[in-house]
Amino acid sequence: TSFAAAWSQRRWRRNRTQGAVHMSSGGAAMPGDRSVVEGPRLPFLYGTAWKKEATVELVVQAVLAGFRGIDTACQPKHYREDLVGEALGRLARQHGIPRTQLWLQTKFTPLTGQD
C-alpha cells in the first residue's frame with residue numbers, strides 16, 4: 001500500500017461517551033480533512049526558534065497581532081524558553097492578556113539529541 005493510500009484509508013470516529021475525536025487507525029489527520037471536530041481548536045502557532053534575544057519583543061508582537069499559540073522547546077541552541085516566559089509575563093502585566101488565553105507548546109530534547 002502506498003503512503004497516500006494508507007492515509008486515505010484513515011477515518012475519524014467520534015467517541016460519543018467522552019466527546020473526543022480519534023483516528024480509527026492512529027496518526028494525525030491529513031491536510032484538507034473535512035471531519036467535524038467539536039470543542040477548542042489548536043490556534044495558529046507563532047514559532048520562537050532562532051529569535052535569540054529578540055524573543056520577548058517578537059512574542060509580544062505576535063500575540064498583539066492575533067496569534068494565540070506559541071511554539072518553543074527545551075533546546076537552548078535554537079530556542080529561549082526563558083524569554084518566552086518573560087514575554088508571557090509582559091503580556092499579562094502590560095496588555096491584560098493572561099496565560100490562560102494562550103496555547104503554549106513546548107518540546108523536550110535530551111542533551112544527546114541536540115545538535
Side-chain angles (χ1 to χ4, degrees):
T1 306
S2 72
F3 178 79
W7 274 109
S8 68
Q9 293 172 7
R10 294 170 189 236
R11 299 287 179 255
W12 286 99
R13 66 176 168 78
R14 184 165 186 265
N15 180 333
R16 296 188 187 282
T17 60
Q18 297 180 11
V21 176
H22 306 278
M23 291 296 290
S24 60
S25 59
M30 288 295 290
D33 188 319
R34 303 268 187 242
S35 301
V36 175
V37 179
E38 295 179 13
R41 301 214 180 217
L42 182 65
F44 284 111
L45 298 174
Y46 174 74
T48 63
W50 305 292
K51 304 301 190 285
K52 301 181 182 180
E53 291 75 24
T55 297
V56 174
E57 187 57 36
L58 292 172
V59 168
V60 169
Q61 287 179 25
V63 171
L64 294 178
F67 281 87
R68 288 299 180 260
I70 302 164
D71 175 74
T72 188
C74 179
Q75 200 174 56
K77 182 176 179 181
H78 304 295
Y79 296 88
R80 291 287 308 271
E81 285 186 312
D82 59 324
L83 298 181
V84 171
E86 190 176 317
L88 296 178
R90 183 186 296 179
L91 286 161
R93 286 187 311 276
Q94 296 178 5
H95 302 283
I97 301 173
R99 165 64 181 88
T100 55
Q101 291 183 5
L102 302 171
W103 172 273
L104 183 61
Q105 171 176 289
T106 189
K107 288 113 16 226
F108 173 78
T109 304
L111 289 176
T112 57
Q114 297 186 28
D115 52 9

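Computed from heavy atoms alone, side chains included, the values below leave out hydrogens, waters and symmetry copies.
- Each of L45 and L64 belongs to its own hydrophobic cluster when Ile, Leu, Val, Met, Phe, Trp and Tyr are linked at side-chain heavy-atom distances under 4.5 angstrom.
- By the side-chain hydrogen bond (donor to acceptor under 3.5 Å, both in side chains) test, Q101 is found to be paired with no residue, residues two or more places apart in sequence or in another chain being considered.
- Between R90 and E57 a salt bridge is recorded (basic side-chain N to carboxylate O distance below 4.0 Å).
- Summarising the geometry, atom CD belonging to Q105 is positioned 4.5 Å from atom CG belonging to D71; distances are rounded to the nearest 0.5 Å.
- Residues K107 and C74 have side chains not in contact (no heavy-atom distance under 4.5 Å, counting atoms from C-beta outward).
- Interatomic distance, L91 CG to Q61 CD, rounded to the nearest 0.5 Å: 11.0 Å.
- The side-chain contact (heavy atoms from CB on, under 4.5 Å) check on Y46 picks up T48, K51, L58, V59, A62, F67, with sequence neighbours excluded.
- The two residues P98 and A92 have their closest heavy-atom pair at CA-CB, 4.5 Å.
- A donor-acceptor pair is defined here as one N or O able to donate and one able to accept, closer than 3.5 Å; such a pair exists between the side chain of R99 and the backbone of L102.
- Evaluation of the ring-ring contact (aromatic ring centres under 6.0 Å, His included) test over residues 72-106, restricted to residues two or more places apart or in two chains, returns W50-H78.
- Between the CD1 atom in I97 and the CG atom in L88 there is a gap of 10.5 Å [rounded to 0.5 Å].
- Taken from CD in E53 to OG1 in T55, the straight-line distance is 7.5 Å, to the nearest 0.5 Å.
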